[in-house]
Amino acid sequence: MAAKQNLSEPSDSDSSSLTDQSVSGRSGNRSLRVAEKERRKNEAEDPFVLALKYFSDVGAGTPVYGNDEFETNLVLVERVAYSKGLSPEAISVMLEFAMSLRMGTGPCVRVLKCLIPATIVPQEPIVRAVVWLGVGKIPISTQVLFIKWVLTVFDMIDAKDQLRAIYGFIFSFVTEENLVLRVFRVRKLLELQSKLGRQPFLLHLLSLYKVFCPELVTLSIPSRMKSGFRNYNTPWKSALIAVQKRNGSQLASSTSLPFTIKDKTSSRKRKHCHLELPVLSSLVNKQPQTELSSSRKVVPLVQLNSFAQLLENIHRIELPAQMGSLLGSSLALQYLDCVQDESALLRLNFWLGYALHEEFLFYGDGGAYQNSEEALQFLDKLLFTQHFLQEAFSSSEAFLYKFLSVWDGSLLRPQILGLLSNIPVVPSSQIGRLLFEPLMQLFFTSSLFFKCGLMECLNNMLLKWLTWHSVYALEDDLDISLNSHTSINMTLSGFKDSVMELVHFVGRLASVGLQLEGCHTLLLSFVLDFYETVCDTFLKYGLPLVVMPPPGVFYPALFSLDPVSVDRLAYIMYRYKVNLTSAKSQEKVTEQAFHISRQTFREFNHYLVVMVNCLWNSNMFRPGMGVQLGEEVLLKSNVPQYWTSFDLVHHPAFMSYAVDFHQRCWPGRKDMDLNSIKHSKPWSWYLEYLYSQGYDGDFMDTHLTSPDGPSLLFAFTAHEEQWGI
Amino acid sequence: MDDSAKRLLQRFMRRIPTQMLKTTLEKWSRLTVAQQKSLDFTQSKWALTEALLDICEENKWTTKHISELEMIYVIDNPNQGMWHAFQLMDPEDDAHSVELTQFKEQFKSHLSELIRHVSVKIKKHTDEAVWIRIAWGDSYSRPNHLKPTYVVHYLQTPYVFVTSLTSKQKPLLSQALVLSTRHHAIKDANLSGKKFTAIRDLLMRQYQQAFPTKYPSPLKEKNQTVSNPLIEREQAGPAANRLQMACEAFGDGMLPQLQSAVYKLETKFRDQTNKTMTEREESFRCVVKFASTNLLESLRDCASSGIASTPVTPLLSSIPLKGRNYFVITDNSPGPSSQMHQKTDG
Amino acid sequence: MEGASTRGVLSHLSLLEVQARSRKTQPQQRSRVKELKAEAEALMIQRDKLKAEIQTHERLQKLRMSMDKQCPREQEEEEEMDEDSEDSQLLRLMARHTHLKDLLHAHHLIGGYDIIKTHQGKGVCVSVATSYEGVCLDTYNLEIDLKPKLRISRHNVPPFIPLNSLAEQSNMQTNIRAFLDTLSRHLNAFAGRKQQLKLLKEQHKSVEVMESNVLCSILVLMLTVPREKTAVLCTLDYTDHTRCLPTRVHFDCEDKELPDSPEWKKNCHLLMETPVHTALLTMKKMGNIV
Amino acid sequence: MSLLKPFSKLPGLNTANILLVESEEQFQQSLADALVEETAVTVNVRLAKSLPLPMENEESRPRIDLVVFIINLTSELSFQSAEASLKYLDPGYFLGKVCFMVTNARKASAPTERLDAVRKLAASLHCPLLFAEDQTPDGVANATERLLTILKVSAGLVPMATALYLSNLTRCTVPPDIDQPSFD
């Protein structure tokens, strides 16, 4: 709201032509005479002018019924209003007439209904009108009508200190007291509520506060209030659009309220005011005024269309009335990114938080609008923005936490998961409560595709966190600010904890998920994606942290039926090896002690042993291996040489290749003997053949070919012994 | 053409929607074809009014004619304003043989005996309904056509439907009605609403009621939905039973669109936890109002969906049964007051 | 940008899900054959059931015959005995049952009323059917509480039929039958008159109905005499609401002597004795009216 | 008072039986129609307004593998009736064979207190609490799939997984209230 104010100054004086009129015109008649003069200048006496004159001069207490003069004039004004809209002067006259109740409330309502501004609305008469409200003869319904009108034409009001003012208005006319603190305001509102009953505007304010401090507003805002407030512009909006259409496009931009746009696009009853991004607009975007304003060294964003321009005007940018419109243009975002004062971002956050909350957590009886285009586009736009700024908005983060707790897992899934993957690092103390609990429940009850989607999302989340780390971390243990705007500072160890939490969490999800889905290949590949990120945390992102996959992931990958998974597992193991070795060496050279637990090495070695033994050394099921089975059980199975059954030749994933190779190698042979591939010569050919099939290098790197595979293994174990001490 | 006529026309024009204007004028059948043609119904009402005023001027039409016009419009859409039902009591022997012409003159004469300045228009509608438009004046002023009273009566039935009648005019109208329909008394039927048709249908029993019969009732056939053999509704029996009861209580199919029902309680406050209230001897007064766009259907739905307990409490079922929507519940009739509780949660 | 690709993957996953769902519904088609088979099966079973029913029905008929013409029991016994006994027992019972039901139905046809218990016997629901000239018209229902005394709790009799006064006059408490009879007479008469009016409006376009009322107890017709084209106003008064014939017929016309003319006297009688639409028909035939 | 027992009857071959309890009897119908579409297993759906179930169906009723309480968050009555029905379930059911499904959770007219109450209830019974969008076809389809996922497990059709196992992973926990970030 503070931000609003700095806009008031320029635009105030834009409307100088009006202000001088109204400043001098303390009394309605006087101000009218001024208006009259200038009107006389340009046009001859036309009936409309006469009509206005009538309304400005008509005495108080003139009877309405059967007063044909009144009838004719009003009809005339109405006709003009609905056809071309009313000029600022006309509006001030009519508003003055209406609110002064000179001819009772009947005409007042009728006039208010036809106040369709043609260009802009001078703020002076509104202020005066509010003064009339203060007099308090006006029935509550009419007061409500007036407030609704003000809200409708809000962005056409020439002076821009209104957002503050409007609330000021409402408070000041529903109660004399001047309320400062919000807490008091809410309390006040609540008691007013109980006093005046449910007034739409009160409820609106309450609902607004309910978003920000729900602990204060406990009453449940009835959904009918939504309608009560949402269609506050119905009497006018259609007329507004009509008028704008007639008066041509240059006005359309000046009055591009979200809902007017909306009404053009969708005729749905429910107003998607938040979902519709307002067109980037500004008050001072009509040619004459821009000269005026540029002389006053203020350039509205809308007039910039190149980065160069942005740079030279950067010191005198006028932010638009609707912060939401920033999301639209990349220029605006660039500005937002480099601008110093937080207010812009705060305003954007404010708007965004309210929009998200209203549309996705707090919707009225709009019915099945959920997957509507507006929602999609809105969120996509938001995603675009966040990727552009390379960071999430705190409001969207807060929204996500709330939304996850009531999400059905399918509504707008791609967008929600997309947003989720953008959230900044969550402190390990919070992460379980905010993320893991809702996600876990969704993960295990939802379909395979959701599981894959979530894996993808968490993988991206990890990637972003690591990237942030690699960007912001200067030296370790120095605070790293992970998000320039929401200044969450956390220590390296804190960050490590969060990452660890995340990786372990995914490990749990993955192993149980694979089990429930019968080790589905699609899911498995998404899981392996994640571990491809994990295994490189040290080398790629300089985070001294190595976490091995749980057996629930390792074994399904190792024994999976498709060679690709096995291949990728091999690659992952290889990367682990590289990371570990380099970590070791670094630890040796630099004395700074970060410790990778021997447990990690044990796990790694163990996996490696299992892998090498079953793929290369045909030592499956031998004692000391990972998978152990009772001798007699294995014998019962009558598998000849069961220990070979998972080597590169007999592994179900590679069997087909082996057979193919066998046929190529010995075309003549009738009886197929795959073991014959194992002889050293064909063996090397076979490996060549596997290379050619696209399984390039990974195996080689994991086991460094069968002969010295073990040696490496020993080397490692040896190391471990040393490091252990 | 005098001022009052002019104002009457203007007011009428303000009331009537433009799309209805054409047909109504045709029904009125006073305009010549040329005049009909001259009117352009696309232009604004204001202009139309002007045009009509001119026509009236040149034909020297008076309030009489214009009130005709209004009457036609009201008869065609009676569902506006607040309608109240009255019931004629203990008829005389020849009450049955009252026929229109004699009723007309009787009513007019009786009313004009009672009050000097009154103008009455009586018109018979196609459905045997007798429509009466009364513009009241008092002993000094001429009849005010701007707020006329409308009365609808079906000869030989005990019911009269009235809209916009002031307490001052009520006795006059009652007397005229009683005399001209050969009855001895008239009383308020405690039924009122915005929809004339609803009130009429309720009292004239022109809506479908459901009765228990030994033949398979249409209800059961209606809600026999061909469903998948794999889906089984556990409580199908009770549900059907509830529906049957609800329909017996409130009727079947489309129900008269009643908007509200009011229960005025004047009972002793009973609550052992709250001594102070319970020990007061003057009765505890409160008003319970049910409101809905179609109250009877809502109530039926409540009962059939099990929100309200079945069999339906007499308090609710007596709305259609007694044909009234205003009740006063006192202690001396213990029945209702005892059911008060289960009604309010219904 | 990287984000775009992410969204790509996620939305592609949802796309796959949708496809998977649609695929799930395909197999339904393939099992269509099975469905048809099952249906055929069911129909076959139903056919057999019906066959069996027909058979038993025939046998019932046989029994009924014998029962109706009261032929000597013994030999019937003989021919039944050779079959298994309890089956025949059952059959005989069923026969008896149908017999009684028919009797009941017959009784209803000759002026009984459908009466069924309601509220676990705390009340009854009587339905009175109306008909005119063999055409069945509306049925009216009364729900009557039995305890503590007979009381009509609910009904759908139109308000212009003085139900309560009827109940008092033919003191319902002691003699409900009488009450029901008078009521049914009223209702039938009313239905009849209404039907007559309906028919009249359909059949005699040339006759204009000047006036009528909901009870159809007054009927004013505008008749026109051919040739002279003189209009005759014919008033039919149905003061006796239990009859669907007028109690008083009155003409009036410009030339005063017309009503007293012999043929119009005849017309008067005609209208008194025959339902109005038929009467008018004959009058038309005789050329008294157009 | 007749308890509904999880193991009183023998399971059918490759069949799963689900009981949907909803006082408003609206969402359950569309769910049922979608559930029986499942081709991999034969799914029997029983619909009830509330518990206990009528005795007379005792014979025809198959063994119920999963009981779902559907709660419309905008109606207090819906919540109360679900709560009241709970005591007619054999304790055995609460070892992973019961779950709650909430609709209209995002409606403005649904008070947060009620949502918390539902959460507490589900948490105290160690049952999963699912949210559903009953307005849109997608929402219904998704809700159906999630129910099927649970049903298949609790009917023992998923190898190496039991109802208790799954419910331990998915059961509701007492709600964390996310503190609002301040906007000014």
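Quick note on labels: first sequence line is chain A, next is B, and so on, each numbered from 1.
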Is there any N or O donor on one of chain B and chain D with an acceptor on the other under 3.5 Å, and could you list each such pair with its distance?
residue  : atom : partner : partner atom : Å
B/Leu230 : O    : D/Val45 : N            : 2.9
B/Glu232 : N    : D/Val45 : O            : 2.8
B/Glu232 : O    : D/Leu47 : N            : 2.7
B/Arg233 : NH1  : D/Gln28 : OE1          : 3.4
B/Arg233 : NH2  : D/Gln29 : OE1          : 2.5
B/Glu234 : N    : D/Leu47 : O            : 2.7
B/Glu234 : O    : D/Asn57 : ND2          : 3.0
B/Glu234 : OE1  : D/Asn57 : ND2          : 2.8
B/Glu234 : OE1  : D/Arg61 : NH2          : 3.1
B/Glu234 : OE2  : D/Arg46 : NE           : 2.9
B/Glu234 : OE2  : D/Arg46 : NH2          : 3.2
B/Glu234 : OE2  : D/Arg61 : NE           : 2.7
B/Gln235 : OE1  : D/Lys49 : N            : 2.5
B/Gln235 : NE2  : D/Ser50 : O            : 2.6
B/Ser305 : O    : D/Lys49 : NZ           : 2.5

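Around CE of B/Met20, the count of heavy atoms belonging to other residues, nucleotides or ligands within 6.0 Å exceeds 12.
For D/Phe100, the ring pair (Phe, Tyr, Trp, His ring centres under 6.0 Å) partners at least two apart in sequence or on another chain are D/Phe69. With sequence neighbours left out, B/Met82 forms a side-chain contact (heavy atoms from CB on, under 4.5 Å) with B/His84, B/Ser192, B/Lys194.
The salt bridge (Lys or Arg N to Asp or Glu O under 4.0 Å) pairs that include a residue from residues 253-263 of chain B number zero, where partners must be two or more places apart or lie in different chains.
When all heavy atoms of B/Leu230 and D/Val36 are compared, the closest pair comes out as CB-CG1, 3.6 Å.
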